[in-house]
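Remember, predicted model here, so these are calculated numbers, not experimental data. In the text below, chain A, chain B and the rest are named by the order of the sequence lines, each starting its count at 1.
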Amino acid sequence: MEAVQTVENFAPRVLAWFDVHGRKDLPWQKDKTPYRVWISEIMLQQTQVTTVIPYYEKFMSSFPDVYALASAKQDDVLAHWSGLGYYARARNMHKAATMLVDEFDGEFPKTVEGVCELPGIGRSTASAILSISRGVQSAILDGNVKRVLARFHAIPNWPGEKKTENRMWGVAESYMPEIRCGEYTQAMMDLGATLCTRSKPKCHVCPLSEDCAGLASGEPTTFPISKPKKAAKPIKTAQFVVLQSDGKVLLEKRPASGIWGGLWSLPEFAHDASIVLEAEQRFQCGIQSVMALSSFRHTFSHYHLDIIPSLVTVKEAVGVHETEKYQWFSVDDAFTLGLPAPVRSILESVEKGDTLLL
DNA sequence: AAAACGGGGGA
DNA sequence: TCCCCAGTTTT
């Protein structure tokens, strides 16, 4: 037995389902002019159907056509948008209306490329408008369609990846039928919004369930796979001490490998260590004063380091012997060495005298 | 708390 | 070309 010829059967099944279960009496489905469909698509990008309906009705009665919208005050347009969010889209829409009137003679462009020239309209929205209002054979790829296709093919990649998205565009176009284009677009949106939902999809009544790879996998909701999370970086904390004596600061040479390998850094203390106790113990010297410097976060590729720097002055450098590992430098000389960026920054603040408190 | 959403705009 | 953003809902 041959596998089901999906490309042949996909759209007919979706359309047959739509004929029975699809929504056909929404306000923007009455008089499907490009203008009315356009406004609905922009509103629906960000809000559920039930919320959009009253906004749409009011918007249409105030701005019944592109000329009314183009000649409206931006404030008035924004007032009609108030509560929908993403106000840049209202501004884009208003701008697009003036462009349509001034440059397109009030007529919507006939091609996807042309419609995409308008601000706020990209490939998917352009295809939605043209297929629904004019029957143009051009596929959409909004969140609903991405979910349906990702499940149907058990696509193992995140749709946010350009490569994956491009492949999905190819699939979407390949399923776009030659006839009933507008209804097919509507049907795919309805399928995603009412059946193939993010959680608890109603696979048992889905017209595509028979050869849905996502369902076959047993875990359809794992598709589309979610954004790869960049393993929340651990946060480490350390105290960095600028030990200062006689105008010089003590630097510590880092081991050749690992973080900041071979660079000159500042002595580090555990975040909960007492500066005074720790410094006297490690360096056998009398502390004269301790001043806090501003704490800040340094981020590595794999963790955050919260740095708590302080400026510690000692009476004499006695007890702090210079070794391979520890050496005294004037701040000016220190700047000529290889220093980790945060250490350089701490020394700069010391040089400027940016201490916080005694 | 984090991801999703569709397109714009800056790196 | 890639990445981040807006502003709200959903998970």
Q) For A:Lys163 and C:dC3, what is the distance between atoms NZ and P respectively, to the nearest whole Å? A) 14 Å

Q | Spacing of A:Met189 atom CE relative to B:dC5 atom C1', expressed in whole Å | A | 13 Å

Q. Quick one: does A:Leu100's side chain get under 4.5 Å of A:Pro109's, heavy atoms only?
A. yes

Q) Rounded to whole angstrom units, what separation is found between the CG atom of A:Asn144 and the C1' atom of C:dT9? A) 14 Å

(Q) Heavy-atom nearest nucleotide on DNA chain C for A:Lys162 versus A:Arg89: which residue maps closer to 5'? (A) A:Lys162

(Q) We want to know whether A:Ser131 and A:Ser138 form a side-chain donor-acceptor pair, criterion being a heavy-atom distance below 3.5 angstrom. (A) no

Q: Look at the side-chain N and O atoms of A:Gln48 and state whether any lies under 4.0 Å from the OP1 or OP2 oxygen of C:dT10.
A: yes

Q | A:Glu219 atom CD, over 12 foreign heavy atoms within 6.0 Å | A | no

Q: Would you mind checking if A:Arg123 and A:Glu173 are paired as a salt bridge, meaning a charged N to carboxylate O distance below 4.0 Å?
A: yes

Q. How close or far is atom P of B:dG8 from atom NZ of A:Lys95, stated in whole angstroms?
A. 11 Å

Q: Go through the side-chain N and O atoms of A:Asn92 and A:Arg89 and say whether any donor and acceptor fall under 3.5 Å apart.
A: no

Q | A:Tyr87, nearest nucleotide to its side chain (from C:dT11, B:dG7, C:dT8) | A | C:dT8

Q: Using a cut-off of strictly less than 4.0 Å, decide whether A:Thr125 has a side-chain nitrogen or oxygen near OP1 or OP2 of B:dG7.
A: yes

Q: Look at the side chain of A:Asp142 and decide which nucleotide, out of B:dC5, C:dG7, B:dG6, has an atom nearest to it.
A: B:dG6

Q: Calculate the interatomic distance between A:Ile225 atom CD1 and B:dA3 atom P; express it in whole Å.
A: 13 Å

Q: Would you please enumerate the stems DNA chain B participates in, each stem being three or more consecutive Watson-Crick or G-U wobble pairs with both distances under 3.5 Å?
A: B:1-5 with C:7-11, B:7-11 with C:1-5

Q. Say you pick atom P in B:dG8 and the same atom in C:dT9; how far apart are they, in whole Å?
A. 23 Å

(Q) Categorize A:Ile121 for me: base, sugar-phosphate, or nothing, with a 4.0 angstrom heavy-atom threshold over every strand shown. (A) sugar-phosphate

Q: Using heavy atoms to find the nearest nucleotide of DNA chain C for A:Arg198 and A:Gly83 separately, return the residue whose nucleotide is more 5′.
A: A:Gly83

Q | Exceeds 12 heavy-atom contacts within 6.0 angstrom, atom CD of A:Glu103 | A | yes

Q) Mind checking whether A:Trp28 and A:Val49 have side chains closer than 4.5 Å, heavy atoms only? A) yes

Q.
By the 4.0 Å heavy-atom rule, please label A:Leu118 as base, sugar-phosphate, or nothing.
A. sugar-phosphate

Q. B:dC5 and C:dT1: how far apart are their P atoms, nearest whole angstrom?
A. 23 Å

Q: When you get a sec, tell me which of C:dT11, B:dG8, B:dG6 is the closest nucleotide to the side chain of A:Ser199?
A: C:dT11

Q: Return the 5'-most residue of the pair A:Tyr86, A:Cys116 with respect to DNA chain B, ranking by each residue's nearest nucleotide.
A: A:Tyr86

Q: Please state how far atom CD1 in A:Ile42 lies from atom P in B:dG7, giving the value in whole angstrom units.
A: 7 Å

Q | Any side-chain heavy-atom pair of A:Lys202 and A:His204 under 4.5 Å | A | yes

Q: Give a yes/no answer on whether the side chain of A:Ser226 brings an N or O atom under 4.0 Å of OP1 or OP2 in B:dA3.
A: no

(Q) Without decimals, in angstroms, what is the distance between A:Met99 CE and B:dG8 P? (A) 11 Å

Q | Rounded distance (Å) that lies between atom C1' of B:dG8 and atom NE2 of A:His94 | A | 19 Å

